[in-house]
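Structure first, then comments.
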Protein chains: 2
Amino acid sequence: MLELRLVQGSLLKKVMESIKDLVNDANFDCSATGFSLQAMDSSHVALVSLLLRSEGFEHYRCDRNLSMGMNLGNMTKMLKCAGNDDIITIKADDGSDTVTFMFESPTQDKIADFEMKLMDIDSEHLGIPEAEYHAIVRMPSSEFARICKDLSSIGDTVVISVTKEGVKFSTRGDIGTANVVCRQNTTVDKPEEATIIEMNEPVSLTFALRYMNSFTKASPLSSTVTISLSSELPVVVEYKIAEMGYIRFYLAPKIEEDEEDNKS
Amino acid sequence: MLELRLVQGSLLKKVMESIKDLVNDANFDCSATGFSLQAMDSSHVALVSLLLRSEGFEHYRCDRNLSMGMNLGNMTKMLKCAGNDDIITIKADDGSDTVTFMFESPTQDKIADFEMKLMDIDSEHLGIPEAEYHAIVRMPSSEFARICKDLSSIGDTVVISVTKEGVKFSTRGDIGTANVVCRQNTTVDKPEEATIIEMNEPVSLTFALRYMNSFTKASPLSSTVTISLSSELPVVVEYKIAEMGYIRFYLAPKIEEDEEDNKS
DNA sequence: CCTTATCGAG
DNA sequence: CTCGATAAGG
């Protein structure tokens, strides 16, 4: 028996909006710890890792670990039927091949339940080792989204280079080149507007903008984004989910032929 | 000679927006009582009935009964040329095969007239008998619209079931099922937010969501909608038009094979 | 937060 | 051309 009651239902709606374009089907894993998902994108290039901790739910009952295979498109359709300030409850009976989403309007006058078929999905659950990163950049999520969108109108890939002074996003395309530099800046009115760079070692890595632009769909979940970079490691783009956990996107850097001199 | 002056011209614009997708051509009937229309939708499944009483017009002159066949698409095009707070006057000379729409801006700085050709349309004017309904539900029109839209992302038909406690809207589709229950609720701040159920007998009927979603295009005309249901009778979905009349949509229930036991 | 208007995609 | 999604206003 599973029953998870999330008062701020819009969180789940936003989570789905941010991964449904990347992943078609995935297993949601439910344990005493929380509600989580780990999945490769459909072209097996990027990885999504979601955690919603049990403490973030108003009510969290999960009698035994459960892995529920869902079609994220269908799940998104159903969640779109929830109002933005509805309370969402996820329910599943043991051994059932369906999951039920219940939406309660704030006034309790309207109660909806949507039942969705579950599916069997093979998935290797990858252990993701904690790693030391050469550089960690924290910046406003909207600014990162804007930069990725802007650069993708010029080129297909972005080179992210971090030095003590700042982080540079560069691209190159048929019509020209573009560089956007964000200086470290901690002297802002609001902490979420800061750009903070923790750097042990300069790093410069190339990524496909197509994926970056997918990741930025999670921007509504958090006002800041954290980008963790190490040479030869996948970049981690993380959006914290207030009081609950995070959504993290992993993407391997491109090894560019004309950047051999970046290798040490 | 016909001359109808409607100060709140936006009413007529909204009326046209709410029926132009359902009906292509129709006769507008003009008498001392008012300006009215009755028409089957193009697939002869639903029926629209509009009444704008003469008292609702600032000036209403209709020397003799007149039936004017109009192409509603063309009429809508012309009405779109009226500002939302323009005064609209409908004019027709006796025996003329045209109708003129005159739009006056509130400041009288701009006066437009659009002349449209009339057409001959056969139409059996159906007498719609007043009926006793098993159940009448009044609820916010926006809520009804939202429910029909949400359910149509899951299935094609909606089962509307009324009990004393509330009204339930249900559907079923490939990806799962959905039920939305609205409880009777009269204790709200504003009367137009209430959900009121008058029920003589429980009723459960099935309708095509495609038509329901067409009907809800009339939501801007009224903050509440009234749904009148009886087994074996067409449902009536009514939007009152303040001070003037109503627009009513009639739709026959589907007789579902697997619901034979609903028949008494 | 809901409604409406404008824009972009299929 | 219709629709959905987004952005602005109430």
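To find a chain, count down the sequence lines: A is the first, B the second, and so on, and within it residues start at 1. Hydrogens, waters and symmetry mates play no part in the numbers below; they use all other heavy atoms, side chains included.
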Would you please indicate yes or no on a ring centroid separation below 6.0 angstrom for B:Phe28 and B:Phe35? yes
Using whole Å, report how far CD of A:Glu17 lies from C1' of D:dT6. 12 Å
Nearest-Å distance, CZ (B:Arg210) to C1' (D:dT2)? 14 Å
Measuring centre to centre across the rings, with the benzene-like ring taken for any Trp, is A:Phe103 within less than 6.0 Å of A:Phe114? yes
How close or far is atom P of D:dT2 from atom NZ of B:Lys149, stated in whole angstroms? 19 Å
Does C:dT3 have OP1 or OP2 under 4.0 Å away from a side-chain N or O of B:Ser142? yes
Distance, rounded to the nearest Å, where B:Leu221 contributes CG and C:dT3 contributes P: 14 Å
B:Phe144 CZ - C:dC2 C1' separation (whole Å): 19 Å
Grab the CG-C1' distance between A:Asp21 and D:dG4 for me, whole Å please. 13 Å
Short side-chain donor-acceptor distance under 3.5 Å, A:Asn185 and A:Thr195: no
salt_bridge(A:Arg138, A:Glu238) N-O dist < 4.0 Å: no
When the distance from NZ of A:Lys20 to P of D:dG4 is rounded to whole Å, what number comes out? 13 Å
Whole angstrom value for the distance that separates C1' of D:dT2 from NZ of B:Lys217: 10 Å
Of B:Asn84 and B:Arg146, the one whose closest DNA chain C nucleotide lies more 5': B:Arg146
Looking for any heavy atom pair under 4.0 Å, which part of the strands does A:Lys80 touch: base, sugar-phosphate only, or nothing? sugar-phosphate
